[in-house]
Amino acid sequence: METNKQLGLPVGVTLDRYIKRSQSAFSSATGELSQLLRDIALAGKIVNREINQAGLIGLAGSMGHANVQGESQQKLDVIANIRFIRALVNGGEACAIVSEEEEDIIYTGNDTGKYVVAMDPLDGSSNIDVNVSVGTIFSIYRRVTPIGTKATVDDFLQGGHKQVAAGYILYGTSTMLVYSTGQGISGFTYEPSLGEFFLSHPDIKSPENGTMYTCNDAYMEYFPEAVQGYIQHIRERGYTARYIGSMVADLHRNLLKGGIYLYPPVPKTPDGKLRLLYECYPLAFLVEQAAGKASNGLCRILDVEPVYIHQRSPLYIGSTAMVEELMETIQKPQELT
Ligand code: FDP
């Protein structure tokens, strides 16, 4: 009976159709941003395939050296970086890329492209070897330098509030692409047998409040006092901790279930660990589009003035009520009740 009911169910809206529909809502849209999103989705499918095969064809494990951030580079970091760059070079819409894996701006050779893309091709990649979810994060700006010229660092240092689109791909038990062009946020689940992303989570809204907090507990004694006080306080309220150590997965869970993700400054990374351009800005853009909040402890993340492309930042992000309570605690630490 159940099977009969399921037989006639439509498979749903593909990412491609969704992008096309969203584009037609803007009479001035030229389709270039739509094409850019499709290019990113295509690279995501390829990376998804490679992640799924990693353990079988020897793609798991480290390269044996560090990347520009001084962090151990995994083989799949390198592969994902190549796949996304290739997709953007071939697509033609992006004139330049900033990647976590490369020190300098990458020029695509498409100087007539209107957009620049900042990205972390494979976030949380130290989790690959143990079959834990990882992700890709991307952030898109309309360039400020004249079309036809070579992009410059100014195209990337516009500030998070200038992003025209942002998103992530979560390679998890199922693979999902979640993105926003500034009119809310939607999630698409990959159907591997059809090779398509289908709309599965329309208009995601971050729960106003939550009972989960996410941070690396090992650093607790080094967290700023107010942050320690806040965590102590919510523990006493019976809140629970969840930390995968793979930011896209941690954020995705909190976005759907309600919660707060905290990566404060610690002595090892006094400016915070996470990268402003390709981790904090895009995730803050998405979470705000879902009615959540993101702060660096002093101000809204999207209002932080960027100074250099690989800049780091503290990050407190998630359900509005939780981020607001933390911010109040940081401003008046002694007033917790
Ligand atoms: P990774 O270094 O494995 O790429 O952005 C970096 C990141 O992972 C996040 O995905 C993750 O949440 C965080 O670092 C983990 O850092 P800690 O090991 O310091 O907890």
Side-chain angles (χ1 to χ4, degrees), residues 44 47 51 54 59-81 84 98-103 118-139 160 166-172 175-176 178 212-224 227-228 231 241-255 259-287 294 296 301 309-318:
V47 170
I51 288 173
L59 293 182
S62 157
M63 291 292 288
H65 53 72
N67 67 5
V68 291
Q69 318 288 338
E71 291 157 359
S72 164
Q73 196 171 38
Q74 306 296 304
K75 290 180 196 161
L76 275 164
D77 280 325
V78 176
I79 290 168
N81 191 43
F84 280 98
V98 157
S99 163
E100 189 200 14
E101 301 304 323
E102 314 239 356
E103 188 145 17
M119 65 186 318
D120 184 350
L122 207 59
D123 186 73
S125 54
S126 53
N127 284 307
I128 292 261
D129 292 356
V130 289
N131 241 329
V132 170
S133 304
V134 288
T136 294
I137 310 173
F138 60 91
S139 159
Y168 59 76
I169 302 170
L170 170 62
Y171 310 98
T175 290
M176 279 192 72
V178 176
M212 253 182 318
Y213 69 96
T214 300
C215 64
N216 188 336
D217 208 60
Y219 304 139
M220 185 70 83
E221 65 181 295
Y222 305 112
F223 287 171
V227 176
Q228 289 187 37
I231 294 173
R242 288 283 183 281
Y243 190 67
I244 299 168
S246 192
M247 201 191 171
V248 173
D250 276 315
L251 186 117
H252 183 73
R253 181 201 52 240
N254 290 4
L255 182 63
I260 184 168
Y261 177 100
L262 311 93
Y263 210 114
V266 291
K268 203 163 85 172
T269 48
D271 299 322
K273 178 183 183 191
L274 304 169
R275 273 50 63 113
L276 187 60
L277 260 68
Y278 39 84
E279 292 182 310
C280 301
Y281 279 161
L283 297 178
F285 181 83
L286 289 169
V287 165
N296 67 355
I301 281 284
I309 56 177
H310 294 295
Q311 189 169 334
R312 294 176 190 263
S313 170
L315 179 65
Y316 308 101
I317 186 167

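Counting starts at 1 for both ligands and their atoms, in listed order. If you read the sequence from its start, that first residue is 1, and numbering goes on from there.
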shortest atom 19 (O) of ligand 1-to-protein heavy-atom contact is with Tyr263 OH, 2.5 Å
Near Tyr219 (heavy-atom distance under 4.0 Å), the atoms of ligand 1 are 19 (O)
Next on the checklist: Checking the side chain of Arg242 only, and the main-chain atoms of Arg253 only, is there a donor and an acceptor separated by less than 3.5 Å?
Outcome noted: no
Original post:
Are any side-chain N or O atoms of Asn127 and backbone N or O atoms of Gly245, one a donor and one an acceptor, separated by less than 3.5 Å?
Top reply: yes
So for Tyr278 against ligand 1, with non-hydrogen atoms under 4.0 Å, the contacting part is neither
The atoms of ligand 1 lying under 4.0 Å from a heavy atom of Tyr261, numbered in the order shown, are 12 (O)
Ligand 1 atoms nearer than 4.0 angstrom to some heavy atom of Tyr243 are 12 (O), 13 (C), 15 (C), 16 (O), 17 (P), 20 (O)
Sorted by chain and residue number, the ring-ring contact (aromatic ring centres under 6.0 Å, His included) partners of Tyr168 (sequence neighbours excluded) come out as His252
protein heavy-atom neighbour closest to atom 7 (C) of ligand 1 works out as Lys273 NZ, 3.8 Å
For this session: Determine whether more than 12 heavy atoms belonging to other residues, nucleotides or ligands lie under 6.0 Å from atom OH of Tyr222.
Result: no
re atom 11 (C) of ligand 1, the protein heavy-atom contact at minimum distance is Gly245 O, 3.3 Å
Partner of Gln74 under side chain to side chain contact (heavy atoms under 4.5 Å, CB included), picked from Val134, Leu122, Asp129, is Asp129
Geometry only, no angles: is Met247 polar-contacting ligand 1 at N/O separations under 3.5 Å?
yes
For Arg275, the atoms of ligand 1 under 4.0 Å from one of its heavy atoms are 5 (O), 6 (C)
Result for side-chain hydrogen bond (donor to acceptor under 3.5 Å, both in side chains) between Ser99 and one of Asp120, Asn81, Asp77 points to Asn81
Under 4.0 Å from one or more heavy atoms of Gly124, ligand 1 contributes atoms 1 (P), 3 (O), 4 (O), 8 (O), 10 (O)
Between Arg275 and the options His310, Glu100, Gln311, the side-chain hydrogen bond (donor to acceptor under 3.5 Å, both in side chains) test singles out Glu100
For Glu279, the atoms of ligand 1 under 4.0 Å from one of its heavy atoms are 5 (O), 6 (C)
So salt bridge (charged side-chain N to carboxylate O under 4.0 Å, His left out) across residues 215-224, not counting sequence neighbours, yields Asp217-Arg235
Leu274 heavy atoms within 4.0 Å reach ligand 1 at atoms 5 (O)
Can you check whether Pro282's main-chain N or O pairs, donor with acceptor, with Ser139's side chain at less than 3.5 Å? no
Atom 10 (O) of ligand 1: closest protein heavy atom, distance to 0.1 Å, is Asp123 OD2, 2.6 Å
shortest atom 3 (O) of ligand 1-to-protein heavy-atom contact is with Ser126 OG, 3.0 Å
